[in-house]
Number of protein chains: 2
Amino acid sequence: MVKYKDEALDRTFAALSDPTRRALLARLGEQDGLSVSELAAPFPVSLPAIMKHLDVLTDAGLIVREKTGRTVACRLTARPMEQAMDWLNRYAQFWSHNLDRLTAFVEQETWPTQPPTPPNAQQSVQASRSRAGSARRPKGSTPPGRKPRN
Amino acid sequence: MVKYKDEALDRTFAALSDPTRRALLARLGEQDGLSVSELAAPFPVSLPAIMKHLDVLTDAGLIVREKTGRTVACRLTARPMEQAMDWLNRYAQFWSHNLDRLTAFVEQETWPTQPPTPPNAQQSVQASRSRAGSARRPKGSTPPGRKPRN
DNA sequence: TCTATACTAAACCACATGGTTAAGTATAAG
DNA sequence: CTTATACTTAACCATGTGGTTTAGTATAGA
């Protein structure tokens, strides 16, 4: 099973879904090893906001941070983006209508089409985005469901 | 400016950040044109939950839906994923250390490194993920900020 | 030693997300 | 015409997100 890769893809794509984080990555592409303050300077948001974005990028493995004295240098990494590209390449092959390659490719079983199952460990900590299982409703709250129209 | 492409990238990467949605796309890669019920059948969540995921995929332009009678067929599309691949390819070139190509590439100005600016129209509708500007606090609520440690 | 800088952490907020159940609508089948 | 199926919509919930301000810590510079 490639669930661990799935979680890595979750974080990679989630990290890339925000324009500020893509701009941060692009900035590091121009000039790797910038400090946090240098990275944050052109952005119209506060430094703690940029810090949060860098946290997301670090958790996704897209950057690494190394502290020297009081400054932290941020650098791009390669691995998780390669995995995202792999996924996109597979998608590209689906709609290219090359059915022979497609059939052979699907039968490699490297492509999880079965629905994601939430990890049975760490139920108290939300480990994945899609989660099944009913949420507990506090007493006295109204249950979900559409009210009749009348 | 390529802000419109940026918003499309927002939606594309956000759509891909969820494992259920990626599984839906993979399922359609195996067999295009499945109906909503057929798509939903293997998933352990409710039909409206799958409907919501399909809404996200449709808004991102990754699938199209066409109704025939009472069933809706879902099909993969190509365009937005190509744009996501373009972005990833550029990132790949950054860490491949090809500085000549990198410099020439950056100077094409097709790669927005400047911080994203939220659209000045549609302030009432949240159009982009990163947004500046202070939120209004209700009267009587405590202001943000860390409490002193003592 | 004191001051300044760079970064980190906490607390708050409005809004978004991903699920649920229940009701409603459109269309096909009997 | 009635029933069943496929899908849609509304209302709810817990949690997460992306921002803010304020306080705190670590390190460099004067």
Side-chain angles (χ1 to χ4, degrees), chain A residues 10-11 14-15 17-21 34-41 43-56 59 65-74 116 118 124-150, chain B residues 10 14-15 17-21 34-41 43-56 65 67-74 116 118 123-150:
Chain A
D10 290 355
R11 289 192 290 271
S17 69
D18 186 88
T20 299
R21 291 198 285 274
L34 286 171
S35 69
V36 170
S37 301
E38 288 169 327
L39 265 177
F43 288 84
V45 297
S46 65
L47 181 60
I50 296 294
M51 288 297 308
K52 282 190 175 185
H53 283 302
L54 293 177
D55 285 342
V56 173
D59 289 345
R65 296 187 273 190
E66 52 188 44
K67 190 167 189 174
T68 308
R70 68 188 176 190
T71 63
V72 171
C74 307
S124 57
V125 174
Q126 183 57 45
S128 64
R129 296 288 300 281
S130 294
R131 62 185 193 278
S134 58
R136 278 188 191 84
R137 261 193 302 115
K139 285 182 174 178
S141 66
T142 51
R146 184 171 170 172
K147 300 293 183 279
R149 246 288 192 61
N150 287 39
Chain B
D10 290 354
S17 68
D18 186 87
T20 300
R21 289 197 286 274
L34 286 172
S35 70
V36 169
S37 301
E38 288 169 325
L39 266 175
F43 289 85
V45 297
S46 65
L47 182 60
I50 296 294
M51 289 293 312
K52 283 189 173 186
H53 284 302
L54 293 177
D55 285 342
V56 173
R65 296 188 274 188
K67 189 166 188 173
T68 307
R70 67 187 178 192
T71 63
V72 171
C74 307
Q123 287 295 347
S124 58
V125 174
Q126 183 59 45
S128 66
R129 295 288 301 280
S130 294
R131 61 185 191 279
S134 57
R136 282 190 189 78
R137 263 192 302 115
K139 285 181 176 177
S141 66
T142 50
R146 185 172 168 172
K147 301 291 185 281
R149 251 291 189 58
N150 286 34

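Order of the sequence lines fixes the chain letters, A, B, ..., with proteins taken first and strands second; residue numbering starts at 1 for each chain.
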Side chain of [X] only, heavy atoms from C-beta on: which candidate in [options] is closest?
X         : options                   : result
Arg70(B)  : dT8(C), dA29(C), dA10(D)  : dA29(C)
Pro48(B)  : dT9(D), dG19(D), dT21(D)  : dT9(D)
Arg146(B) : dG19(D), dA10(C), dC13(D) : dA10(C)
Arg65(A)  : dA11(D), dT27(C), dT8(C)  : dT8(C)
Lys147(A) : dG19(D), dC12(D), dA6(C)  : dC12(D)

Please report the distance, rounded to the nearest Å, between [atom1] in [X] and [atom2] in [N].
X        : N       : atom1 : atom2 : result
Asp18(B) : dA16(C) : CG    : C1'   : 13 Å
Lys67(B) : dA28(C) : NZ    : C1'   : 12 Å
Asp55(B) : dA10(D) : CG    : P     : 12 Å

Could you tell me whether Lys52(A) contacts a base, only the sugar-phosphate backbone, or nothing, with contacts defined as non-hydrogen atoms closer than 4.0 Å?
-> base
How is Ser46(B) classified with respect to the nucleic acid when contacts are heavy atoms under 4.0 Å: base, sugar-phosphate, or nothing?
-> base
Can you name the residues that form a salt bridge (charged side-chain N to carboxylate O under 4.0 Å, His left out) with Arg65(A), not counting sequence neighbours?
-> Asp55(A)
Minimum heavy-atom distance Arg21(A)-Ser17(A), with the two atoms named | NH2-OG, 4.1 Å
Contacts of Ser35(B) meeting side-chain hydrogen bond (donor to acceptor under 3.5 Å, both in side chains) (sequence neighbours excluded), chain-then-number -> Glu38(B)
Given dT25(D), is OP1 or OP2 found less than 4.0 Å from the side-chain N or O atoms of Arg149(B)?
-> yes
Would you please confirm or rule out a distance under 4.0 Å between OP1 or OP2 of dG18(C) and any side-chain N or O of Arg21(B)?
-> yes
Under the rule of Watson-Crick or G-U wobble with both distances under 3.5 Å, where | means paired to another strand and [ ] a crossing pair, DNA chain D maps to ||||||||||||||||||||||||||||||
